[in-house]
Protein chains: 2
Amino acid sequence: MSAVGIKEVAEHAGVSPGTVSNVLNRPEKVSAPTRSRVEAAIRELGFVRHGSASTLRAGHSKTVGLSVIDIGNPFFTDVTAGVEDVASDRGYAVLLSNSAGSRSKEERNLLVLAEQRVRGVLITPSDEDPARLDRLRERGISVVLVDHPAHRPDQCSVAVNDIGGGETAVAHLLSGGAAEIAYVTGPLTIRQCLDRRAGAERALGGRPLRVVEMAAMTPRAGQQAAEKLISEGGLPDAIFCANDLLALGMLRGLLHAGVRVPGDVALIGYDDIDFAAASAVSLSSVRQPTYQLGRVATELLLDECDNPATHAHQQIMFQPELIVRESTR
Amino acid sequence: MSAVGIKEVAEHAGVSPGTVSNVLNRPEKVSAPTRSRVEAAIRELGFVRHGSASTLRAGHSKTVGLSVIDIGNPFFTDVTAGVEDVASDRGYAVLLSNSAGSRSKEERNLLVLAEQRVRGVLITPSDEDPARLDRLRERGISVVLVDHPAHRPDQCSVAVNDIGGGETAVAHLLSGGAAEIAYVTGPLTIRQCLDRRAGAERALGGRPLRVVEMAAMTPRAGQQAAEKLISEGGLPDAIFCANDLLALGMLRGLLHAGVRVPGDVALIGYDDIDFAAASAVSLSSVRQPTYQLGRVATELLLDECDNPATHAHQQIMFQPELIVRESTR
DNA sequence: GAGTTCGAGAAAAACGTTTCAAATTTGAGT
DNA sequence: ACTCAAATTTGAAACGTTTTTCTCGAACTC
């Protein structure tokens, strides 16, 4: 198998293993001629550093974990792309975990990340419980919350103002003349869903909001919600969906049932995924700086890992942006 | 930090470290009373196994690498979900790399995977060059090709018949009465693009195929292709796009230019991503068993890793399925 | 009962790096 | 040339597991 280690390289270059390690980790500590001799040996022998040995001795790895709620959602895909780009630029690998909305799966995934001794974890937590994250932090694993504001000052987070976003969306629906409004959402245990509802209610200023809670936030669930809405109590004037996946499913369900959008019902989603603009009736939505979310979170995390001394924890909050298209015109 | 290792657990349980290791790895070798004593100690001390130490000594890890071409493409997201599910079920972690179509980035990612001593690699190669994969295999890292047929019998692969898919798509367009057909594709260095073109040409049986090659396979590129098609030589009767992302962009570009689909031009995509059905004009497409692709590939890989003795290499080829919707009616 | 087998657990030697103090070389200043 | 400090390199001891060999005693066989 892979018989060539740092030792063989050292021998081949006529130096000690320690020097090879220095070439690998602190090249500036090694004189130019020795360095190039070692580098040549590395190349000739096809040496590949054994990451585990390195991690074991050094006490920390060059990997970060990323735990998302739904890898199938383009929102998270975009975040992932941002994370990947920054991490890979700085020489880190990304260990991806998908919790698929299941708390126990998330727990299992975090255990795997802890076992791998990742340097840090980027997580969109599926619930509020901070205990699991504390356990990671106790082990010296930095944690940055993604798309979730931190409640504590000793914790970095990158989030988007969901209350504001919900308010903007519903205010927009109201300004279009809607009176009765429905909010179609995923599980109300999810903070994003809660906050967007809170924003919606704030925009309504006391007037009632009809809430339809679905178990998932997928196009399929959106379509089911359409049927539910139609069969139970009839259609409202306007519908606010907690994400675009739900909204696209809703749109499909409505059109399928012969409902005109926006003629009979106005519809707005959330996230402004790429496909929102291309749908049957182009979808109004609330845009989030998704890719940027991933980038900034990773920069924060790696800063915390690489410069623990100077690192200042930050809770960053982006503002979402209303995108108006056909579905609310 | 994480001061609690196997040693502390051993002491706390009144056994030797070796026994703790046995509880962890071969529980059946340990008598029931000792085992439960050790398990209790593990729980009480909050012990988490150090994956790197384990990998170092054991010589292999519990991670597999997944290298995809574009994590932003729902096709790969679905594959990833399949991989994740199987891997996580069998106790493996997934190291995700996105090559973003760049050969050099793919190379760098593979190096990282090699350094991490992943047990195996699932890869959708961005080009034909088998040398890089051979280098992995030399290091004892199993490789399974995803969405790419293997040319060699000592190599597992899971693919979908792209020639057949291309042929089916174009045959369908022809049966709809189209005479002149355009093929809008990504870089023709990509096998999938080539094969689908080959299939298209086979369906045409010698009649000419107008090929528009774009640098990327994104909605943006698709929209640009629409402009290009309109400005350069006018519209064909029907358009076959190498994937749905291109097709959705194309659709948008066409509608934007006032072209009616399918009235003026028929349009078919490839992959049948979720959003194809929800687009402005619902999109005909060629469906691939995407999630299944990921699952099967991972099962093959883990079988190769866990039972190297009995493992038989397989080259699996799925058949795609034509999905007819409005855009070709 | 003596001889044998068997199972459970202990002890110690790896695995391939990094790290740190110590040793050596180099170079500048006189 | 000679000294002293700085720069470079060395060598050996970790890091936390797994694995292999060994010991000890109990259970079995005749």
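Labels below follow one simple rule: chain letters A, B, ... track the order of the sequence lines, proteins then strands, and each chain is numbered from 1.
Residues passing the salt bridge (charged side-chain N to carboxylate O under 4.0 Å, His left out) test with A/Arg103 are A/Glu107, A/Asp127, A/Asp129, sequence neighbours excluded. Looking at residues two or more places apart in sequence or on another chain, you find no ring-ring contact (aromatic ring centres under 6.0 Å, His included) involving B/His60. Here A/His151 pairs with nothing under the ring-ring contact (aromatic ring centres under 6.0 Å, His included) rule; sequence neighbours left out. Shown here are the side-chain contact (heavy atoms from CB on, under 4.5 Å) partners of B/Thr63, two or more places apart in sequence or in another chain: A/Gln116, B/Ser61, B/Ala93, B/Val118. Scored by the salt bridge (charged side-chain N to carboxylate O under 4.0 Å, His left out) test, A/Arg191 finds A/Asp162, A/Asp195 as partners (sequence neighbours excluded). The side-chain contact (heavy atoms from CB on, under 4.5 Å) test applied to B/Arg26 returns B/Asn22, B/Glu28, B/Lys29, not counting sequence neighbours. With sequence neighbours excluded, no residue satisfies salt bridge (charged side-chain N to carboxylate O under 4.0 Å, His left out) with A/Lys62.
The side chain of A/Ser54 contributes no N or O atom lying less than 4.0 Å from OP1 or OP2 of C/dT17. Taking 4.0 angstrom as the limit, B/Arg26 places none of its side-chain polar atoms (N or O) nearer than this to OP1 or OP2 of D/dT18. Phosphate proximity of C/dA13 to B/Arg57: absent, as no side-chain N or O sits under 4.0 Å from OP1 or OP2. Taking only side-chain nitrogens and oxygens, B/Arg49 comes nearer than 4.0 Å to OP1 or OP2 of D/dT18.
Looking at heavy atoms from C-beta onward, B/Arg90 lies out of side-chain contact with B/Thr298 at the 4.5 angstrom threshold.
Side chain of A/Ala58, nearest nucleotide from D/dT18, C/dG16, C/dT19: C/dT19.
Between the NZ atom of B/Lys62 and the P atom of D/dT17 there is a distance of 17 Å, rounded to whole Å. Atom CD1 of B/Ile6 and atom C1' of C/dA11 are 14 Å apart (whole Å). Rounded to whole Å, atom P of D/dT19 lies 11 Å from atom CG of B/Leu24. As a whole-Å value, the separation of B/His50 NE2 from D/dA14 P is 17 Å. The separation between B/Glu8 atom CD and D/dT17 atom C1' is 12 Å, rounded to whole Å. For A/His60 and D/dG16, the NE2 to P distance is 13 Å, given to the nearest whole Å. The distance from atom CG of A/Leu56 to atom P of D/dT18 is 12 Å, rounded to the nearest whole Å. Rounded to whole Å, atom P of C/dT18 lies 18 Å from atom CZ of A/Arg117.
The existence of a salt bridge linking A/Glu84 and B/Lys105 is confirmed by a sub-4.0 Å separation between a basic side-chain nitrogen and an acidic carboxylate oxygen.
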For nucleotides 8-10 of chain D, which of its nitrogen or oxygen atoms have a protein nitrogen or oxygen under 3.5 Å away, and what is each distance?
unit_1, atom_1, unit_2, atom_2, d
D/dT9, OP1, A/Ser31, OG, 3.0
D/dT9, OP1, A/Thr34, OG1, 2.3
D/dT9, OP2, A/Ser31, N, 3.1
D/dT10, OP2, A/Ser16, N, 2.9
D/dT10, OP2, A/Ser16, OG, 3.2
D/dT10, OP2, A/Thr19, OG1, 2.7

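Within the helix from C/dG1-D/dC30 to C/dT30-D/dA1, the inter-axis angle between the opening and closing five-pair segments is 30°, rounded to 10°.
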